[in-house]
Protein chains: 2
Amino acid sequence: MGLPQESFGGILHETARLWRTELDRRLRPLGLSQAKWRALLHIACHKDCTQAELAARLGVEAPTVVGLLDRLAADGLVERRECPHDRRSKTVHLRQGGQALMKPITEMAENLSRELLANMSPEEVACSTQVLQRIRDRLLSL
Amino acid sequence: MGLPQESFGGILHETARLWRTELDRRLRPLGLSQAKWRALLHIACHKDCTQAELAARLGVEAPTVVGLLDRLAADGLVERRECPHDRRSKTVHLRQGGQALMKPITEMAENLSRELLANMSPEEVACSTQVLQRIRDRLLSL
DNA sequence: CGCTAACTATTAGCATGCTAACAGATAGGC
DNA sequence: GCCTATCTGTTAGCATGCTAATAGTTAGCG
(Lines give C-alpha, C1' and ligand atoms only; values in the text may rest on other atoms or scores of the structure.)
Protein backbone atom coordinates (compact mmCIF):
# COMPACT_ATOMS: atom_id res chain seq x y z
CA MET A 1 0.00 0.00 0.00
CA GLY A 2 2.80 2.42 0.74
CA LEU A 3 3.13 4.97 3.47
CA PRO A 4 2.01 8.52 2.63
CA GLN A 5 5.44 10.01 2.47
CA GLU A 6 6.36 7.49 -0.20
CA SER A 7 3.28 8.02 -2.35
CA PHE A 8 3.44 10.34 -5.34
CA GLY A 9 1.01 12.77 -3.74
CA GLY A 10 3.02 12.89 -0.54
CA ILE A 11 6.31 13.59 -2.25
CA LEU A 12 4.71 16.18 -4.54
CA HIS A 13 3.20 17.96 -1.57
CA GLU A 14 6.36 17.94 0.54
CA THR A 15 8.67 19.01 -2.28
CA ALA A 16 6.44 21.93 -3.24
CA ARG A 17 6.22 23.09 0.38
CA LEU A 18 9.98 22.90 0.92
CA TRP A 19 10.65 24.75 -2.35
CA ARG A 20 8.29 27.53 -1.39
CA THR A 21 9.64 27.79 2.16
CA GLU A 22 13.21 28.09 0.88
CA LEU A 23 12.30 30.78 -1.65
CA ASP A 24 10.36 32.65 1.02
CA ARG A 25 13.41 32.47 3.28
CA ARG A 26 15.64 34.00 0.60
CA LEU A 27 13.12 36.69 -0.31
CA ARG A 28 12.49 37.68 3.31
CA PRO A 29 15.31 40.29 3.45
CA LEU A 30 13.39 42.12 0.70
CA GLY A 31 10.13 41.87 2.64
CA LEU A 32 8.73 39.53 0.04
CA SER A 33 7.55 35.97 -0.54
CA GLN A 34 6.80 33.66 -3.42
CA ALA A 35 3.14 34.65 -3.52
CA LYS A 36 4.00 38.37 -3.65
CA TRP A 37 6.70 37.87 -6.24
CA ARG A 38 4.42 35.88 -8.56
CA ALA A 39 1.70 38.51 -8.26
CA LEU A 40 4.14 41.34 -9.02
CA LEU A 41 5.44 39.53 -12.10
CA HIS A 42 1.96 39.03 -13.52
CA ILE A 43 0.99 42.63 -12.77
CA ALA A 44 4.13 43.83 -14.53
CA CYS A 45 3.54 41.64 -17.60
CA HIS A 46 -0.17 42.34 -18.05
CA LYS A 47 -1.02 46.01 -17.91
CA ASP A 48 -4.51 47.06 -16.83
CA CYS A 49 -5.17 43.61 -15.42
CA THR A 50 -8.33 43.34 -13.30
CA GLN A 51 -8.33 41.47 -10.02
CA ALA A 52 -10.43 38.66 -11.48
CA GLU A 53 -7.96 38.28 -14.37
CA LEU A 54 -5.07 38.29 -11.94
CA ALA A 55 -6.73 35.57 -9.83
CA ALA A 56 -7.20 33.42 -12.93
CA ARG A 57 -3.60 33.93 -14.04
CA LEU A 58 -2.23 33.13 -10.58
CA GLY A 59 -4.59 30.15 -10.35
CA VAL A 60 -6.07 31.19 -7.00
CA GLU A 61 -9.48 32.34 -5.80
CA ALA A 62 -10.65 35.95 -5.74
CA PRO A 63 -10.50 36.47 -1.96
CA THR A 64 -6.87 35.30 -1.96
CA VAL A 65 -6.03 38.10 -4.40
CA VAL A 66 -7.84 40.64 -2.24
CA GLY A 67 -5.60 39.88 0.74
CA LEU A 68 -2.47 39.68 -1.37
CA LEU A 69 -3.14 43.09 -2.96
CA ASP A 70 -3.94 44.56 0.46
CA ARG A 71 -0.47 43.54 1.67
CA LEU A 72 1.29 44.66 -1.53
CA ALA A 73 -0.53 48.01 -1.42
CA ALA A 74 0.39 48.44 2.27
CA ASP A 75 4.01 47.93 1.19
CA GLY A 76 3.53 50.66 -1.43
CA LEU A 77 4.36 48.30 -4.30
CA VAL A 78 1.05 48.34 -6.20
CA GLU A 79 -2.15 50.35 -6.41
CA ARG A 80 -5.76 49.66 -7.40
CA ARG A 81 -7.53 51.95 -9.86
CA GLU A 82 -11.22 52.00 -10.69
CA CYS A 83 -11.97 50.69 -14.15
CA PRO A 84 -13.60 53.42 -16.30
CA HIS A 85 -15.99 51.28 -18.35
CA ASP A 86 -17.01 48.78 -15.65
CA ARG A 87 -17.68 50.15 -12.21
CA ARG A 88 -17.46 46.68 -10.65
CA SER A 89 -13.85 46.16 -11.68
CA LYS A 90 -10.54 47.52 -10.49
CA THR A 91 -7.30 47.36 -12.42
CA VAL A 92 -3.99 46.76 -10.67
CA HIS A 93 -0.80 48.71 -11.37
CA LEU A 94 2.82 48.52 -10.31
CA ARG A 95 4.21 51.51 -8.45
CA GLN A 96 7.82 52.60 -8.56
CA GLY A 97 8.89 50.53 -5.57
CA GLY A 98 7.39 47.41 -7.09
CA GLN A 99 9.08 47.99 -10.42
CA ALA A 100 12.46 48.33 -8.73
CA LEU A 101 12.11 44.94 -7.07
CA MET A 102 11.37 42.98 -10.23
CA LYS A 103 14.96 42.27 -11.19
CA PRO A 104 16.44 41.03 -7.90
CA ILE A 105 13.33 38.95 -7.25
CA THR A 106 13.40 37.21 -10.60
CA GLU A 107 17.10 36.52 -10.24
CA MET A 108 16.63 34.90 -6.84
CA ALA A 109 13.82 32.69 -8.08
CA GLU A 110 15.80 31.60 -11.13
CA ASN A 111 18.92 30.96 -9.06
CA LEU A 112 17.02 28.66 -6.73
CA SER A 113 15.47 26.81 -9.64
CA ARG A 114 18.89 26.34 -11.25
CA GLU A 115 20.38 25.06 -7.99
CA LEU A 116 17.61 22.55 -7.42
CA LEU A 117 17.54 21.22 -10.98
CA ALA A 118 21.32 21.29 -11.44
CA ASN A 119 21.97 17.57 -11.43
CA MET A 120 18.92 16.56 -13.47
CA SER A 121 19.13 15.86 -17.17
CA PRO A 122 17.03 18.01 -19.51
CA GLU A 123 15.05 14.90 -20.43
CA GLU A 124 14.19 14.22 -16.80
CA VAL A 125 13.09 17.80 -16.24
CA ALA A 126 11.02 17.78 -19.41
CA CYS A 127 9.35 14.50 -18.50
CA SER A 128 8.51 15.69 -14.99
CA THR A 129 7.22 19.02 -16.22
CA GLN A 130 4.92 17.27 -18.65
CA VAL A 131 3.63 14.87 -16.00
CA LEU A 132 2.92 17.74 -13.59
CA GLN A 133 1.17 19.71 -16.33
CA ARG A 134 -1.06 16.78 -17.19
CA ILE A 135 -1.98 16.24 -13.54
CA ARG A 136 -2.72 19.95 -13.22
CA ASP A 137 -4.91 19.94 -16.33
CA ARG A 138 -6.81 16.94 -15.03
CA LEU A 139 -7.36 18.65 -11.68
CA LEU A 140 -8.60 21.78 -13.45
CA SER A 141 -11.10 19.74 -15.47
CA LEU A 142 -12.73 18.14 -12.39
CA MET B 1 13.04 33.82 -19.40
CA GLY B 2 9.56 32.33 -19.08
CA LEU B 3 6.62 33.46 -17.09
CA PRO B 4 6.28 32.06 -13.58
CA GLN B 5 3.33 29.80 -14.34
CA GLU B 6 5.41 28.10 -17.01
CA SER B 7 8.50 27.57 -14.86
CA PHE B 8 9.07 24.25 -13.14
CA GLY B 9 8.64 25.79 -9.73
CA GLY B 10 5.38 27.45 -10.70
CA ILE B 11 3.85 24.28 -12.12
CA LEU B 12 5.05 22.25 -9.14
CA HIS B 13 3.51 24.72 -6.74
CA GLU B 14 0.18 24.97 -8.54
CA THR B 15 -0.21 21.23 -9.10
CA ALA B 16 0.48 20.44 -5.45
CA ARG B 17 -2.01 23.07 -4.30
CA LEU B 18 -4.76 21.84 -6.64
CA TRP B 19 -4.17 18.21 -5.61
CA ARG B 20 -4.43 19.10 -1.95
CA THR B 21 -7.52 21.28 -2.44
CA GLU B 22 -9.29 18.47 -4.32
CA LEU B 23 -8.45 15.87 -1.67
CA ASP B 24 -9.58 18.27 1.05
CA ARG B 25 -12.86 18.76 -0.82
CA ARG B 26 -13.50 15.00 -0.95
CA LEU B 27 -12.51 14.48 2.69
CA ARG B 28 -14.67 17.35 3.94
CA PRO B 29 -17.85 15.23 4.42
CA LEU B 30 -15.81 13.22 6.95
CA GLY B 31 -14.66 16.40 8.69
CA LEU B 32 -11.10 15.78 7.56
CA SER B 33 -8.33 17.13 5.35
CA GLN B 34 -5.08 15.96 3.83
CA ALA B 35 -3.04 17.21 6.78
CA LYS B 36 -5.25 15.39 9.29
CA TRP B 37 -5.30 12.20 7.26
CA ARG B 38 -1.52 12.09 6.90
CA ALA B 39 -1.09 12.64 10.63
CA LEU B 40 -3.58 9.89 11.49
CA LEU B 41 -1.81 7.44 9.18
CA HIS B 42 1.57 8.08 10.77
CA ILE B 43 0.11 7.84 14.27
CA ALA B 44 -1.51 4.52 13.39
CA CYS B 45 1.68 3.11 11.87
CA HIS B 46 4.11 4.23 14.59
CA LYS B 47 2.89 3.41 18.09
CA ASP B 48 4.11 5.53 21.00
CA CYS B 49 5.33 8.21 18.60
CA THR B 50 6.34 11.49 20.26
CA GLN B 51 5.28 14.82 18.81
CA ALA B 52 8.82 15.60 17.72
CA GLU B 53 9.05 12.25 15.92
CA LEU B 54 5.69 12.87 14.29
CA ALA B 55 6.82 16.31 13.09
CA ALA B 56 9.95 14.77 11.56
CA ARG B 57 7.96 12.02 9.85
CA LEU B 58 5.40 14.48 8.48
CA GLY B 59 8.20 16.81 7.44
CA VAL B 60 6.78 19.86 9.23
CA GLU B 61 7.83 22.00 12.18
CA ALA B 62 6.89 21.29 15.78
CA PRO B 63 4.35 24.14 16.21
CA THR B 64 2.48 22.88 13.16
CA VAL B 65 2.03 19.51 14.87
CA VAL B 66 0.80 21.19 18.05
CA GLY B 67 -2.07 22.86 16.19
CA LEU B 68 -2.86 19.76 14.16
CA LEU B 69 -3.06 17.58 17.27
CA ASP B 70 -5.20 20.20 19.01
CA ARG B 71 -7.75 19.93 16.20
CA LEU B 72 -7.58 16.12 16.02
CA ALA B 73 -7.99 15.87 19.80
CA ALA B 74 -10.93 18.29 19.68
CA ASP B 75 -12.51 15.91 17.15
CA GLY B 76 -11.91 13.03 19.58
CA LEU B 77 -9.70 11.16 17.12
CA VAL B 78 -6.38 11.14 19.03
CA GLU B 79 -5.07 11.73 22.53
CA ARG B 80 -1.75 12.83 24.03
CA ARG B 81 -0.19 10.85 26.88
CA GLU B 82 2.75 11.88 29.03
CA CYS B 83 5.85 9.88 28.32
CA PRO B 84 6.92 7.91 31.44
CA HIS B 85 10.70 8.10 31.06
CA ASP B 86 10.96 11.65 29.66
CA ARG B 87 8.80 14.31 31.22
CA ARG B 88 9.36 16.69 28.33
CA SER B 89 7.78 14.37 25.78
CA LYS B 90 4.23 13.31 25.01
CA THR B 91 3.27 10.29 22.94
CA VAL B 92 0.31 10.40 20.58
CA HIS B 93 -2.31 7.65 20.29
CA LEU B 94 -5.26 6.90 18.04
CA ARG B 95 -8.67 6.70 19.72
CA GLN B 96 -11.52 4.54 18.51
CA GLY B 97 -13.03 7.22 16.27
CA GLY B 98 -9.70 7.80 14.58
CA GLN B 99 -9.15 4.10 13.99
CA ALA B 100 -12.55 3.78 12.32
CA LEU B 101 -11.71 6.50 9.81
CA MET B 102 -8.47 4.97 8.57
CA LYS B 103 -9.97 2.76 5.89
CA PRO B 104 -12.31 5.21 4.09
CA ILE B 105 -9.67 7.92 4.24
CA THR B 106 -6.95 5.81 2.70
CA GLU B 107 -9.31 4.61 -0.02
CA MET B 108 -10.23 8.17 -0.97
CA ALA B 109 -6.59 9.25 -1.16
CA GLU B 110 -5.63 6.26 -3.27
CA ASN B 111 -8.63 6.71 -5.55
CA LEU B 112 -7.65 10.31 -6.26
CA SER B 113 -4.06 9.31 -6.93
CA ARG B 114 -5.21 6.60 -9.34
CA GLU B 115 -7.49 9.01 -11.17
CA LEU B 116 -4.81 11.65 -11.58
CA LEU B 117 -2.08 9.26 -12.70
CA ALA B 118 -4.38 7.13 -14.86
CA ASN B 119 -3.07 8.14 -18.25
CA MET B 120 0.62 8.27 -17.33
CA SER B 121 2.96 5.42 -18.12
CA PRO B 122 4.74 3.72 -15.19
CA GLU B 123 8.03 5.00 -16.59
CA GLU B 124 6.81 8.60 -16.55
CA VAL B 125 5.55 8.29 -12.99
CA ALA B 126 8.80 6.66 -11.88
CA CYS B 127 10.90 9.36 -13.54
CA SER B 128 8.86 12.17 -12.00
CA THR B 129 8.90 10.59 -8.57
CA GLN B 130 12.66 10.30 -8.70
CA VAL B 131 13.10 13.90 -9.84
CA LEU B 132 10.82 15.16 -7.05
CA GLN B 133 12.67 13.05 -4.48
CA ARG B 134 16.02 14.42 -5.58
CA ILE B 135 14.75 18.00 -5.41
CA ARG B 136 13.33 17.29 -1.96
CA ASP B 137 16.61 15.77 -0.75
CA ARG B 138 18.51 18.78 -2.05
CA LEU B 139 16.14 21.15 -0.27
CA LEU B 140 16.52 19.18 2.95
CA SER B 141 20.32 19.41 2.71
CA LEU B 142 20.36 23.22 2.44
C1' DC C 1 28.48 17.42 41.17
C1' DG C 2 27.11 21.34 38.61
C1' DC C 3 26.53 24.23 34.72
C1' DT C 4 25.69 24.89 30.21
C1' DA C 5 23.86 23.18 26.04
C1' DA C 6 20.32 20.97 23.70
C1' DC C 7 15.80 19.15 23.35
C1' DT C 8 10.32 19.19 23.91
C1' DA C 9 6.18 21.19 23.69
C1' DT C 10 3.87 25.37 23.71
C1' DT C 11 2.30 30.20 22.71
C1' DA C 12 1.94 34.33 19.86
C1' DG C 13 1.77 36.43 15.57
C1' DC C 14 1.86 36.27 10.75
C1' DA C 15 1.16 34.70 5.53
C1' DT C 16 -1.24 32.19 2.25
C1' DG C 17 -4.84 29.57 0.83
C1' DC C 18 -9.88 28.10 1.04
C1' DT C 19 -15.41 28.48 1.27
C1' DA C 20 -19.65 30.97 2.20
C1' DA C 21 -22.23 34.94 2.13
C1' DC C 22 -22.70 39.79 0.76
C1' DA C 23 -23.58 44.20 -2.05
C1' DG C 24 -23.20 46.62 -6.13
C1' DA C 25 -23.01 46.56 -11.22
C1' DT C 26 -23.71 44.53 -15.62
C1' DA C 27 -25.84 41.81 -19.14
C1' DG C 28 -29.26 38.87 -21.34
C1' DG C 29 -33.94 37.09 -22.10
C1' DC C 30 -38.68 38.13 -22.26
C1' DG D 1 -37.71 48.43 -20.43
C1' DC D 2 -37.22 45.23 -16.77
C1' DC D 3 -36.06 41.25 -14.10
C1' DT D 4 -33.22 37.86 -13.26
C1' DA D 5 -28.54 35.83 -14.06
C1' DT D 6 -24.12 36.48 -13.47
C1' DC D 7 -19.98 38.82 -12.52
C1' DT D 8 -16.70 41.68 -9.27
C1' DG D 9 -14.76 42.74 -5.28
C1' DT D 10 -15.13 42.36 -0.41
C1' DT D 11 -15.68 40.56 4.34
C1' DA D 12 -15.71 36.91 7.80
C1' DG D 13 -14.05 32.77 9.50
C1' DC D 14 -11.25 28.83 9.19
C1' DA D 15 -7.02 25.49 8.21
C1' DT D 16 -2.32 24.82 7.47
C1' DG D 17 2.13 26.25 7.41
C1' DC D 18 6.07 29.29 9.14
C1' DT D 19 9.42 31.92 12.68
C1' DA D 20 10.61 33.67 17.20
C1' DA D 21 10.40 33.36 21.94
C1' DT D 22 9.42 30.79 26.34
C1' DA D 23 9.34 27.28 30.14
C1' DG D 24 10.51 23.03 31.68
C1' DT D 25 13.53 18.90 31.24
C1' DT D 26 17.39 16.20 30.04
C1' DA D 27 22.05 15.27 28.91
C1' DG D 28 26.86 16.04 28.55
C1' DC D 29 31.27 18.14 29.77
C1' DG D 30 34.47 19.80 32.88
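Chain identifiers are assigned alphabetically (A, B, ...) following the order of the sequence lines, protein sequences preceding nucleic acid strands; residue numbering begins at 1 within each chain. Any value given below was found using the heavy atoms of this structure, including those in side chains, with hydrogens, waters and symmetry copies removed.
- For the pair A/W37 CH2 and C/dT16 C1', the computed distance is 16 Å after rounding to whole Å.
- Between A/E61 atom CD and D/dT8 atom P there is a gap of 13 Å when expressed in whole angstrom units.
- Atoms CG (B/L68) and P (C/dA9) sit 14 Å apart, rounded to a whole Å.
- When each of B/L32 and A/T50 is assigned the nucleotide of DNA chain D with its nearest heavy atom, A/T50 is the one assigned upstream, toward the 5' end.
- Every salt bridge (charged side-chain N to carboxylate O under 4.0 Å, His left out) that A/E79 has, sequence neighbours left out, goes to A/R81.
- As a whole-Å value, the separation of A/E14 CD from D/dC18 P is 10 Å.
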Got a list of protein N/O to nucleotides 2-5 of chain C N/O distances below 3.5 Å?
none

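- Residue order along DNA chain C, read from the 5' end via each residue's closest nucleotide, puts B/A62 first among B/A62 and B/T21.
- When the side-chain nitrogen and oxygen atoms of B/R38 are compared with OP1 and OP2 of D/dG17, none of them lie within a distance under 4.0 Å.
- Atom-to-atom, CZ of B/R20 to C1' of D/dA15 comes out at 8 Å; the value is rounded to the nearest Å.
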Could you list the donor-acceptor pairs under 3.5 angstrom formed by side chains in residues 117-124 of chain A, with sequence neighbours left out?
residue: A/S121; atom: OG; partner: A/E123; partner atom: OE1; Å: 3.4
residue: A/S121; atom: OG; partner: A/E124; partner atom: N; Å: 3.1
residue: A/S121; atom: OG; partner: A/E124; partner atom: OE1; Å: 3.4
residue: A/E124; atom: OE1; partner: A/S121; partner atom: N; Å: 2.9
residue: A/E124; atom: OE1; partner: B/R134; partner atom: NH2; Å: 2.9
residue: A/E124; atom: OE2; partner: B/R134; partner atom: NH2; Å: 2.7

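- Here the nucleotide nearest the side chain of A/P63, chosen from D/dG9, D/dT10, D/dT16, is D/dT10.
- Note that CH2 of A/W19 is 9.0 Å distant from CG of A/L23, once rounded to the nearest 0.5 Å.
- Residues passing the side-chain contact (heavy atoms from CB on, under 4.5 Å) test with A/T129, sequence neighbours excluded: A/V125, A/Q133, B/F8, B/I11.
- A search for side-chain contact (heavy atoms from CB on, under 4.5 Å) contacts involving B/S89 returns B/T50, B/C83, B/D86, not counting sequence neighbours.
- Across all strands shown, A/V60 has heavy atoms under 4.0 Å from sugar-phosphate atoms exclusively, and none from any base.
- Annotated as anti: C/dA25, whose glycosidic dihedral deviates from 0 by more than 90°.
- A donor-acceptor pair under 3.5 Å is absent between the side-chain atoms of B/D24 and the main chain of B/S33, judged by distance alone.
- Between the CD atom of B/E22 and the P atom of C/dT19 there is a distance of 11 Å, rounded to whole Å.
- Of the candidate nucleotides C/dA12, D/dT16, C/dG17, D/dT16 has the atom lying nearest to any side-chain atom of B/S33.
- The shortest distance between the side-chain N/O atoms of B/Q34 and the OP1/OP2 oxygens of D/dA15 is not below 4.0 Å.
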Name each donor-acceptor pair under 3.5 Å that joins a side chain in residues 68-75 of chain A to protein atoms two or more places apart or in another chain, with its distance.
residue: A/D70; atom: OD1; partner: A/R80; partner atom: NH1; Å: 3.1
residue: A/D70; atom: OD1; partner: A/R80; partner atom: NH2; Å: 3.1
residue: A/D75; atom: OD2; partner: A/K36; partner atom: NZ; Å: 3.1

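- For B/L58 and C/dA9, the CG to P distance is 13 Å, given to the nearest whole Å.
- Place A/K36 and B/R25 on DNA chain C by their nearest nucleotides, and A/K36 ends up nearer the 5' end.
- Between C/dT16, D/dT8, C/dT10, one nucleotide has an atom nearer to the side chain of A/A52 than all others, and that is D/dT8.
- With sequence neighbours left out, the side-chain contact (heavy atoms from CB on, under 4.5 Å) criterion links A/Q99 to A/L94, A/M102.
- In a base pair of the Watson-Crick type (N1 to N3 plus N6-O4 or O6-N4) or a G-U wobble (N1-O2 and O6-N3), with each distance short of 3.5 Å, D/dA5 is matched with no nucleotide.
- Counted by atom type alone, A/H13 and A/T15 present zero donor-acceptor pairs between their side chains at under 3.5 Å.
- Checking each of A/T106, A/L101, A/L32 against A/W37 for a side-chain contact (heavy atoms from CB on, under 4.5 Å) leaves exactly one that passes, namely A/T106.
- Within residues 69-92 of chain A, the residues that have a heavy atom under 4.0 Å from DNA chain C are, in order of number, A/R71, A/D86, A/R87, A/R88.
- Base pairing of C/dT26: no nucleotide in any strand meets the Watson-Crick or G-U wobble criterion (both distances under 3.5 Å).
- Considering only side-chain N and O atoms, B/T64 lies under 4.0 angstrom from the phosphate OP1 or OP2 of D/dC18.
- Atom CZ in B/R28 sits roughly 14 Å away from atom C1' in D/dT16 (whole-Å rounding).
- Scored by the side-chain contact (heavy atoms from CB on, under 4.5 Å) test, B/R28 finds B/R25 as partners (sequence neighbours excluded).
- Among the nucleotides D/dG9, D/dC18, C/dC18, the one closest to the side chain of A/R17 is D/dC18.
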